[in-house]
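Every number for a ligand or one of its atoms is a count from 1 in the order of the listing. By convention here, the first residue in the shown sequence is residue 1.
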Amino acid sequence: MGESSICQVRATVMLYDDTHRRWVPAGSESPCISRVHIYHSPVANTFRVVGRKLQADQQVVINCAVIKGMKYNQATPNFHQWRDPKQVWGLNFGSTEDAALFANSMTSALEAL
Ligand SMILES: CC(=O)N[C@@H](Cc1ccccc1Cl)C(=O)N1CC[C@@H]2C=C[C@H]3CC[C@@H](C(=O)N4CC[C@@H]5C=C[C@H]6CC[C@@H](C(=O)O)N6C(=O)[C@H]54)N3C(=O)[C@H]21
């Protein structure tokens with residue numbers, strides 16, 4: 001039994017660059033809308049956030065484990081962020097509806113861990 005997607009949304013995936021103190025688009029210099037999923041592995045009961053660019057190359061721009069106890073910060077109605085051990089991720093959602101859908105799924109995932 002592989003992983004199943006518990007939600008998919010459109011968002012620009014961003015990383016906070018501590019050195020230069022600015023947000024940068026994940027995966028390349030140009031901001032690009034991606035399809036972002038939360039995948040669940042039932043066997044291991046793990047979750048991860050995976051995003052691929054909508055454009056032709058489908059480059060993976062985020063592949064980040066959801067860590068038990070992680071704080072998910074809804075900074076604005078369409079920009080949410082969280083820390084992983086190495087960096088801060090930000091999702092600039094295409095709509096507030098997508099933001100709410102993702103936040104609900106992320107909250108469920110964190111509660112299930
Ligand atoms: C205790 C702790 O880690 N605190 C973290 C947050 C956090 C709390 C609890 C758990 C996990 C986390 Cl992650 C923290 O404070 N961090 C995380 C890094 C981020 C960087 C900059 C400053 C600049 C101000 C603010 C910001 O980012 N904000 C405001 C809304 C604004 C919305 C859109 C995004 C889009 C790109 C950029 C922009 O508009 O150009 N941008 C923004 O400019 C966006 N902030 C933060 O937000 C900062």
Side-chain angles (χ1 to χ4, degrees):
M1 176 71 177
E3 292 180 275
S4 55
S5 172
I6 66 169
C7 83
Q8 63 171 297
V9 296
R10 290 185 178 200
T12 298
V13 182
M14 309 191 85
L15 285 162
Y16 189 66
D17 174 352
D18 279 311
T19 314
H20 303 99
R21 296 162 63 85
R22 62 193 171 102
W23 285 101
V24 296
S28 68
E29 269 318 298
S30 56
C32 181
I33 291 277
S34 295
R35 177 169 288 114
V36 182
H37 291 259
I38 298 177
Y39 285 109
H40 179 221
S41 166
V43 173
N45 189 37
T46 57
F47 298 85
R48 62 184 175 133
V49 179
V50 179
R52 299 178 191 83
K53 286 191 174 181
L54 286 182
Q55 68 190 32
D57 63 355
Q58 303 252 325
Q59 179 194 6
V60 174
V61 294
I62 181 171
N63 179 5
C64 169
V66 176
I67 305 296
K68 184 177 176 58
M70 188 182 89
K71 296 273 174 297
Y72 181 76
N73 184 50
Q74 302 185 40
T76 73
N78 73 323
F79 182 78
H80 301 172
Q81 56 189 357
W82 68 91
R83 297 181 295 258
D84 83 5
K86 291 199 304 289
Q87 52 211 350
V88 182
W89 294 97
L91 295 180
N92 219 351
F93 294 93
S95 70
T96 52
E97 290 76 16
D98 268 2
L101 178 69
F102 190 89
N104 288 341
S105 299
M106 177 63 82
T107 303
S108 303
L110 288 165
E111 284 165 357
L113 288 175

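Here the closest heavy-atom approach between residue Pro25 and residue Pro31 is recorded as CG-N, 3.6 Å. Taking every heavy atom of both residues into account, Arg48 and Ala65 meet most closely at CB-CA, 4.1 Å.
Protein heavy atom closest to atom 31 (C) of ligand 1, with residue, atom name and distance, is Phe79 CD2, 4.3 Å. Nearest protein neighbour of atom 21 (C) of ligand 1, counting heavy atoms only, is Tyr16 CE1, 3.7 Å. Closest to atom 29 (C) of ligand 1 among all protein heavy atoms lies Ala75 CB, 4.9 Å. Remark: minimum distance from atom 9 (C) of ligand 1 to any protein heavy atom is reached at Asn73 CB, 3.8 Å.
For atom 45 (N) of ligand 1, the nearest protein heavy atom lies 4.0 Å away or farther. Shown here, atom 39 (O) of ligand 1 is out of close reach of the protein: none of its heavy atoms lies under 4.0 Å off. Contact annotation for atom 23 (C) of ligand 1: protein absent (non-hydrogen atoms, distance under 4.0 Å). Remark: atom 13 (Cl) of ligand 1 lies closer than 4.0 Å to at least one protein heavy atom. Note that atom 34 (C) of ligand 1 has protein non-hydrogen atoms nearby, at separations under 4.0 angstrom. Under the 4.0 angstrom criterion, atom 19 (C) of ligand 1 counts as having a protein heavy-atom contact.
No chain of hydrophobic side-chain contacts below 4.5 Å, direct or via other Ile, Leu, Val, Met, Phe, Trp or Tyr residues, connects Met14 to Leu54. Linking Ile, Leu, Val, Met, Phe, Trp and Tyr residues whenever their side-chain heavy atoms come within less than 4.5 Å leaves Tyr39 and Val9 in two separate clusters.
Considering both main-chain and side-chain atoms, Trp23 comes within under 3.5 Å of ligand 1 through a nitrogen or oxygen pair. Checked against a 3.5 angstrom limit, the closest N/O atoms of Arg83 and ligand 1 fall inside it.
With hydrogens and angles ignored, the 3.5 Å screen pairs no side-chain donor or acceptor of Gln74 with any backbone N or O of Ala103. The backbone N or O of Arg10 sits less than 3.5 Å from a side-chain atom of Asp98, completing a donor-acceptor pair. Without hydrogens or angle criteria, Ser34 side chain to Val36 main chain gives no donor-acceptor distance under 3.5 Å.
Numbered from 1 in the order shown, with element, the atoms of ligand 1 that lie under 4.0 Å from a heavy atom of Gln81 read 6 (C), 7 (C), 13 (Cl), 17 (C), 47 (O). Atoms of ligand 1 lying under 4.0 Å from any heavy atom of Lys71, numbered from 1 in the order shown and given with element: 10 (C), 11 (C). For ligand 1, the atoms lying closer than 4.0 Å to a non-hydrogen atom of Thr76 are 30 (C).
Using bins of under 30°, 30° to 60° and over 60° for the plane-to-plane angle, the ring pair Phe102/Trp82 lands in the parallel bin.
Side-chain contact annotation: Asn92 with His80, donor-acceptor N/O pair under 3.5 Å absent.
Separation of atoms OG1 (Thr46) and NZ (Lys68) is listed at 13.5 Å; rounding is to 0.5 Å.
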